[in-house]
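Notes to accompany the following structure.
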Amino acid sequence: MIPIDGLAVLTAAEMRSAEQAAMIGDVTEASLMDRAGAAIAQAVARLAAGREVLVLCGPGNNGGDGYIAAAELKRRGLAVRVAASEAPRSDDARRVAAFWPDAVESLERAEPAPVLVDAIFGTGLSRSPSAVVEHALARLTDAAWLRIAVDLPTGIATDTGKVLGKTPRFDVTLALGAVKPSHVLQPAASLMGQVRLLDIGVPTKSSARILARPILPQPDATSHKYNRGMVAIVAGSMSGASELAALATLRAGAGYVLHLASGDVSASAAPHAIVRRNYTADALNEDRIGAVVIGPGLGRNDDASDRLEAALASGRPLVIDGDALRLVAVETLAAHDGRKILTPHGGEFTHLFGEVTDDKLSATRRAAQQSGGVVVHKGADTVIAAPDGRAILCPEASPWLSTAGTGDVLAGAIGAMLAAGLEPLAAAEAGVWLHAQAARACGKAFIADDLADALSAVRG
Ligand SMILES: NC(=O)C1=CN([C@@H]2O[C@H](COP(=O)(O)OP(=O)(O)OC[C@H]3O[C@@H](n4cnc5c(N)ncnc54)[C@H](O)[C@@H]3O)[C@@H](O)[C@H]2O)[C@@H](O)CC1
Ligand SMILES: Nc1ncnc2c1ncn2[C@@H]1O[C@H](COP(=O)(O)OP(=O)(O)O)[C@@H](O)[C@H]1O
Ligand SMILES: [K+]
């Protein structure tokens with residue numbers, strides 16, 4: 001059982017191709033299924049800790065995995081029962097079902113067991129399961145002490161994060177061979193509990209992967225405040241949001257943060273480490289500025305539009321967030337050839353790129369390609385995509401992030417990484433990772449100011 005950080009993410013079709021490519025020499029579909037079954041048995045035996053196990057088997061290869069695992073668990077001395085929704089349909093599933101030495105119970109009449117293993121449907125699910133299957137699964141998971149899904153919980157579409165029917169909650173999901181998009185995309189991911197990979201020896205390559213601990217820029221003896229990363233935050237009508245972004249930028253390790261606002265630019269405001277100046281378009285022409293963050297608290301008036309235009313014209317690497325995403329057009333972004341990171345939440349994404357009609361991973365990749373920028377499509381399942389198709393899927397950090405101002409903190413953290421010299425995709429990943437670690441460190445009911453402060457401690 002391998003933690004999934006940094007691992008390749010494969011769609012159902014990509015997984016099938018990877019399996020086909022792996023089938024050389026004595027590796028066959030049957031031997032892959034044998035490996036999967038053995039790996040599942042080992043994981044379930046460890047998790048069950050001696051309790052009785054009920055394995056639910058479907059008609060396809062997911063069910064096949066279930067029969068092999070059940071036979072192996074019995075061989076290891078555990079109390080195991082098998083219940084099936086219908087007889088095996090694939091040749092491989094029929095072959096391995098014969099390994100199960102005892103009677104197969106009917107799904108509808110099966111008595112619950114403390115450990116429930118769902119091997120009814122996996123990546124082959126094409127429509128919602130029948131009401132009989134859904135009802136039995138709900139009844140048996142409800143009564144179980146530990147719920148384990150093989151590859152995917154029954155009822156989940158592999159690639160889109162969609163729940164096709166009524167899928168109950170699981171405690172552990174054992175991804176076979178590779179992580180699939182729905183192991184991270186919502187709402188599916190919230191039903192899976194902990195997701196762990198079981199290696200079945202299929203080499204996997206993909207341009208999409210899971211968020212990983214980044215290599216963060218570190219100061220050394222040659223560092224000074226400007227080359228550590230100088231970030232300009234362009235403020236607007238709601239200074240609280242830009243202040244939060246500025247604080248986060250500093251806490252994420254920038255050397256110099258310039259808050260450019262209008263009106264009362266009080267030098268005595270805390271934190272005193274933020275340099276406060278009056279906004280002028282010229283202020284962005286300072287050569288040492290490594291990144292400009294624009295959008296948090298910018299507003300949407302004419303002044304805001306002028307500031308956005310100046311930021312785009314400045315030639316500095318940009319983090320474009322919040323109101324700036326409401327003011328800018330995709331064509332303008334596409335025509336702008338500088339480095340840029342866009343950080344839309346769902347509403348801003350729809351406004352700029354249209355409704356997501358397929359899935360978040362595909363839509364975010366398209367948006368990055370259309371805009372020519374790295375897109376951080378936020379939410380409980382943040383997806384980061386680069387114009388060249390590389391993508392990073394981010395498992396939920398903390399539902400307590402759903403509070404005002406946490407997006408401003410993210411924009412600041414990403415700005416610090418961009419100014420420190422990371423390329424846009426790496427800067428976006430590092431910022432999202434720091435933000436997630438800070439959220440976990442803050443626990444519950446934190447506020448965005450706490451989150452910004454927590455960045456220092458998790459910066460590492
Ligand atoms: N290539 C292989 O041999 C391997 C396959 N593996 C397992 O195989 C699974 C995929 O196997 P399959 O492609 O057979 O797919 P499933 O086992 O998910 O079963 C799908 C089968 O049910 C049918 N079906 C789809 N939706 C249905 C519905 N709502 N109601 C009734 N029937 C429905 C499909 O036509 C297909 O025959 C993976 O999730 C994984 O568990 C792993 O063992 C790794 C190796
Ligand atoms: N339910 C949730 N689970 C995990 N992360 C969330 C959730 N809701 C929001 N977030 C994260 O919190 C941040 C909110 O950003 P945003 O919506 O721009 O807020 P604001 O504009 O108030 O700063 C994003 O990083 C987003 O990914
Ligand atoms: K399953």
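Numbers here are sequence positions counted from 1. When a ligand or atom number is given, it counts from 1 through the structure's own listing order. This one's a predicted model, so the numbers in the text were calculated from it and none came from an experiment.
- Residue Leu125 touches ligand 1 through backbone and side chain together, judged by heavy-atom distances below 4.0 Å.
- For ligand 2, the polar-atom distance check against Asp408 finds a nitrogen or oxygen pair separated by under 3.5 Å.
- For ligand 2 and His435, the ligand atoms under 4.0 Å from any heavy atom of the residue are 25 (O).
- In this structure, atom 10 (C) of ligand 1 lies nearest to the protein heavy atom Thr123 OG1, 3.2 Å.
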**OP:** Test Arg251 against Ser456 for side-chain hydrogen bond (donor to acceptor under 3.5 Å, both in side chains), laying out the working first.
**Re:** CA-CA 5 Å; Arg251 293 286 185 202; Ser456 289; 3.3 Å; yes
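- The shortest N or O to N or O distance between Gly122 and ligand 1 is below 3.5 Å.
- Here the heavy atom of the protein found nearest to atom 15 (O) of ligand 1 is Gly124 CA, 3.1 Å.
- Among protein heavy atoms, the minimum distance from atom 15 (O) of ligand 2 is reached at Gly407 CA, 3.2 Å.
- Here Ala36 has side-chain heavy atoms under 4.0 Å from ligand 1, and that is the only part of it that gets that close.
- When heavy-atom distances to ligand 1 are checked against a 4.0 Å cut-off, Ile200 comes that close only through its side chain, counted from C-beta outward.
- Looking at His345 next to ligand 2, no N or O pair under 3.5 Å apart turns up.
- Summary of contacts: the protein heavy atom closest to atom 26 (N) of ligand 1 is Ser126 N, 3.1 Å.
- Counting heavy atoms only, Asp65 comes closest to atom 6 (N) of ligand 1 of the residues Asp65, Thr28, Asn62.
- Listed by number with element, the atoms of ligand 2 under 4.0 Å from a non-hydrogen atom of Gly379 are 5 (N), 26 (C), 27 (O).
- Remark: Arg109 does not engage Glu105 in a salt bridge, criterion side-chain N to carboxylate O under 4.0 Å.
- With ligand atoms numbered from 1 in the order given, ligand 2 contributes 27 (O) to contacts under 4.0 Å with heavy atoms of Thr382.
- Residue Ser398 approaches ligand 2 through these ligand atoms, each under 4.0 Å from one of its heavy atoms: 3 (N), 4 (C), 5 (N).
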**OP:** Show your working on salt bridge (charged side-chain N to carboxylate O under 4.0 Å, His left out) between Arg94 and Asp91 and close with a plain yes or no.
**Re:** CA-CA 5 Å; Arg94 261 194 293 275; Asp91 287 346; 2.9 Å; yes
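- Rounded to 10°, the angle that O of Val150 and OD1 of Asn62 form at the K ion (ligand 3) is 80°.
- Put simply, the side chain of Asp381 reaches to within 4.5 Å of the side chain of Lys360, judged on heavy atoms.
- In this structure, the separation between OG on Ser239 and CD1 on Ile233 is 13.0 Å, given to the nearest 0.5 Å.
- Taking every heavy atom of Leu401 and a limit of under 4.0 angstrom, the matching atoms of ligand 2 come to 5 (N), 6 (C), 10 (N), 11 (C), 12 (O).
- Contact of the Thr382 side chain with the Val376 side chain is registered, since non-hydrogen atoms from C-beta on lie closer than 4.5 Å.
- With hydrogens left out, the protein atom closest to atom 39 (O) of ligand 1 is Asp151 OD2, 2.7 Å, a heavy atom.
- With respect to atom 27 (C) of ligand 1, the closest heavy atom belonging to the protein is Arg127 NH1, 3.7 Å.
- Heavy-atom proximity to atom 18 (O) of ligand 2, evaluated over Glu396, Glu348, Lys378, Gln186, is greatest for Lys378.
- The protein heavy atom nearest to atom 8 (N) of ligand 2 is Ser402 CB, 3.6 Å.
- The distance from ligand 2 to the heavy atoms of Leu410 drops below 4.0 Å at these ligand atoms: 25 (O).
- Under a cutoff of 6.0 Å and an axis angle of 45°, Arg366 and Phe353 do not form a cation-pi pair.
- For the residue pair Asp159 and Thr11, no side-chain donor N or O sits within less than 3.5 Å of a side-chain acceptor on the partner.
- Under a 4.0 Å heavy-atom criterion, Pro399 is in contact with ligand 2.
- Looking at Ser128 against ligand 1, only its backbone comes within 4.0 Å, counting heavy atoms.
- The nearest heavy-atom contact from the protein to atom 14 (C) of ligand 2 is Thr406 OG1, 3.2 Å.
- Rounded to 10 degrees, the O-metal-O angle spanning Asp118 and Phe121 at the K ion (ligand 3) equals 150°.
- Numbered from 1 in the order shown, with element, the atoms of ligand 2 that lie under 4.0 Å from a heavy atom of Gly405 read 20 (P), 22 (O), 23 (O).
- Remark: minimum distance from atom 8 (O) of ligand 1 to any protein heavy atom is reached at Asn61 CB, 3.1 Å.
- For atom 35 (O) of ligand 1, the nearest non-hydrogen atom from the set Glu86, Arg89, Glu19 comes from Arg89.
- In terms of modelled atom types and a separation under 3.5 Å, the side chain of Arg459 and the main chain of Ala454 share no donor-acceptor contact.
- The atoms of ligand 2 that sit less than 4.0 Å from any heavy atom of Ala404 are 22 (O).
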Original post:
When you look at Arg95 and Asp34, which way does the salt bridge (charged side-chain N to carboxylate O under 4.0 Å, His left out) test go after all the steps?
Top reply: CA-CA 11 Å; Arg95 175 185 69 87; Asp34 291 346; 3.2 Å; yes
